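Everything below concerns the one structure shown next.
Please read all numbers here as calculations on a predicted model, not as lab measurements. Each chain gets a letter, A, B and so on, in the order its sequence line appears, and its residues count up from 1.
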Protein chains: 2
Amino acid sequence: MPPRPMRRRTKLSDGIVEDMKRLIVAECLKPGDRVPSEPELIETHGCSKGTVREALKALEVEGLVVMRTGPGGGAYLADAGPEPAARMLRNFLHFQHLDGKGVYQIRKIVEPEVAAAAVGRLSEAQFAQLEDNVVACSEAPKSEEEQRRQRILELEFHNILADACPNPLLAFIGRFLNDMLRDLVVLKKAYVPERHRFGECNVSYHRLLLEAYRQDDAARVRAIMLAHMHDAERHMTALEGEVANSFLLGFPRP
Amino acid sequence: MPPRPMRRRTKLSDGIVEDMKRLIVAECLKPGDRVPSEPELIETHGCSKGTVREALKALEVEGLVVMRTGPGGGAYLADAGPEPAARMLRNFLHFQHLDGKGVYQIRKIVEPEVAAAAVGRLSEAQFAQLEDNVVACSEAPKSEEEQRRQRILELEFHNILADACPNPLLAFIGRFLNDMLRDLVVLKKAYVPERHRFGECNVSYHRLLLEAYRQDDAARVRAIMLAHMHDAERHMTALEGEVANSFLLGFPRP
DNA sequence: CCCAATTTGTTCGTATGTATC
DNA sequence: AGATACATACGAACAAATTGG
């Protein structure tokens, strides 16, 4: 009786992926650690090179490993950063429809929480970044392109706050929303004077936030951010024509 | 001048993945549509089977395509459900540390918003599901195992509300948090009588919610849910020993 | 700077399973 | 039932990249 007449329902490579994940948790592997190389996996799983390559590819797409060539190369555990999760979330939203109103429905509740959580956790370097950001956003834009870059800079202000947020999932959500808005802003041709007023409002809110942060006043930070979000939503919905419904390709990176 | 002497920096399969994504957005492909099959991709990209298989595998992991064997088989576009994004988010959180307190920090702001957004959008079938859920959770559990299943059922109550939430991203976050808590509950040995009181509190909140939903009272729904979350957090933190720090393996599906 | 070793990246040929007609 | 079309898997080879002597 042959040992392997068992009908297989799942793909071989999926089983290898499962085994690798189990190995990672079982051995408490940390980022930078080596995981079994192609020849080793071929031996341990008794399958061919192409199959283990598919499994490694899957883990690579999930952001769990990075592959390196050459001696000492192979698959190394990579701490899955936020990028793969954000990419999948964009894939998911590509087939849904999420408009600017939907983004702000979440942002209005998330950003105040992120901002409040960052109180007392801002390093001197981050304070400096925030101040630089405010002054850079205060300068009058000389061109439409410059105005667009300022708008992206304004979003960067919020990302700095997310950096200081100790809750990793909350920070992820905040950053994801910011990136989403950044994607929208490049695809939108807004009425320029209107956008100028928008920018002036934003930077004034940012100044107020900075002041409240210096006083470690969490309640005030939260209140200012909430007002900021309501105001931004108002501007956004006033400007918005339609929304980008293709998040599939990654965001344009500057 | 040959068309392809360009030095390649990225893997061949990654380029194919990019091309496929561009094709999807360019042709406005919808779920169920066919994408080029292995032989076609071999032809169009001038590479071998193994390479296109890696590319297809990557798209499969991202949840963008499903593969079918047999005649008429091949790669078909699948509307990327929430599962791949949730999986990646778990990968990400595996290397961070997120405790129950962190989960509830987000849940306290997300669930009231989800609940309020569901007001006026519950179908009759969903009302029936919610009512069935409440009565199922009202019965006194006869065993610890049954109590555990009731706790999972209570989370299902919130997932039904997320189903009725029209904001896809907000619903995703709510469901993700629920799944996370479901993962925690199976890994935790809680003090049984304490958990019993916990369950009674939960179901009474659910009853209040159901009542407010019948009256389409969004403000009351939001207020009840907020109180519910605060109460649940209190119970949770009282019960919690440690937290699962390995979300890598998928959630156990009942 | 080149050479050699090591490991991934890629190709081809072939065989098998599976679903459709 | 048989033929067809496609994914799945195996194995052997070669190419490219990286490291260290």
Side-chain angles (χ1 to χ4, degrees), chain A residues 1-20 23-24 29 31-78, chain B residues 2-20 23 29 31-78:
Chain A
M1 162 181 183
R4 278 296 179 90
M6 280 287 288
R7 226 179 321 181
R8 231 192 319 81
R9 315 193 153 272
T10 67
K11 293 193 221 189
L12 229 21
S13 56
D14 291 346
I16 300 179
V17 170
E18 284 296 312
D19 288 348
M20 302 274 288
L23 184 78
I24 291 171
L29 295 184
D33 289 352
R34 248 195 100 147
V35 302
S37 62
E38 283 185 11
E40 290 169 319
L41 288 172
I42 292 173
E43 174 111 18
T44 58
H45 286 84
C47 60
S48 89
K49 187 181 168 80
T51 305
V52 309
R53 278 192 66 79
E54 278 188 43
L56 264 343
K57 183 73 187 176
L59 291 170
E60 195 184 27
V61 170
E62 293 199 20
L64 288 173
V65 303
V66 289
M67 306 296 294
R68 289 212 304 254
T69 63
Y76 285 82
L77 201 60
Chain B
R4 278 295 178 91
M6 281 286 288
R7 222 179 325 179
R8 228 188 331 89
R9 317 191 154 274
T10 66
K11 292 193 224 188
L12 227 24
S13 56
D14 291 347
I16 300 179
V17 169
E18 283 297 313
D19 288 349
M20 302 275 287
L23 184 78
L29 294 184
D33 289 352
R34 245 195 101 139
V35 303
S37 62
E38 281 186 14
E40 291 169 319
L41 289 172
I42 292 172
E43 175 114 16
T44 58
H45 286 84
C47 58
S48 81
K49 265 178 312 222
T51 306
V52 309
R53 277 190 66 79
E54 281 186 37
L56 264 345
K57 182 73 187 178
L59 291 171
E60 194 185 28
V61 170
E62 293 200 20
L64 288 173
V65 303
V66 290
M67 306 297 294
R68 288 213 303 254
T69 61
Y76 284 82
L77 200 60

Do any side-chain nitrogens or oxygens of B:R68 fall under 4.0 Å of OP1 or OP2 in D:dC6? no
Whole angstrom is fine here: how far is it from NZ in B:K11 over to C1' in C:dT10? 12 Å
What's the closest nucleotide to the B:S48 side chain, out of C:dT11, D:dT8, C:dT8? C:dT11
Among D:dA9, D:dA17, C:dT10, find the nucleotide with the atom closest to the side chain of A:T69. D:dA17
From CD of A:E54 over to P of C:dT10, roughly how many Å is that when rounded to an integer? 14 Å
Would one find a side-chain N or O of A:T51 under 4.0 angstrom from OP1 or OP2 of D:dC10? yes
Compare all side-chain heavy atoms of B:D19 with those of B:H45 and state whether any distance is below 4.5 angstrom. yes
Whole angstrom value for the distance that separates C1' of D:dA9 from NZ of B:K57: 13 Å
Apply salt bridge (Lys or Arg N to Asp or Glu O under 4.0 Å) to the pair B:E60 and B:K57, showing each step before the final yes or no. CA-CA 5 Å; B:E60 194 185 28; B:K57 182 73 187 178; 3.7 Å; yes
I need the CD-C1' distance between A:E40 and C:dT8, as an integer number of Å. 13 Å
NA contact type, A:G50, heavy-atom cut-off 4.0 Å: base, sugar-phosphate, or nothing? nothing
Rounded to whole Å, the CG-P distance (B:L56 to D:dA9) equals 13 Å
What's the closest nucleotide to the side chain of B:R34 if the choices are C:dG9, D:dC10, D:dC6? D:dC6
How many Å lie between CE on A:M67 and P on C:dT6, as a whole number? 18 Å
Separation of C:dT10 C1' from B:E38 CD (nearest whole Å): 15 Å
To the nearest angstrom, the CD1-P distance between B:I42 and D:dT8 comes to 13 Å
Under 3.5 Å side-chain donor-acceptor pair for B:E40 and B:S37: yes
If I take atom CD1 from residue A:I16 and atom CG from residue A:L56, how far apart are they, to the nearest 0.5 angstrom? 8.5 Å
Sorted by position of nearest nucleotide on DNA chain C, 5' first, the leading residue of A:P71 and A:R53 is A:P71
Between B:R53 and B:E38, is there a side-chain N and carboxylate O pair less than 4.0 Å apart? yes
Looking at D:dC10, C:dG9, C:dT8, which one has an atom nearest to any side-chain atom of A:S37? C:dT8
With hydrogens left out and only the distance checked, is there a donor-acceptor pair under 3.5 Å joining B:K49's side chain and the base of C:dT14? yes
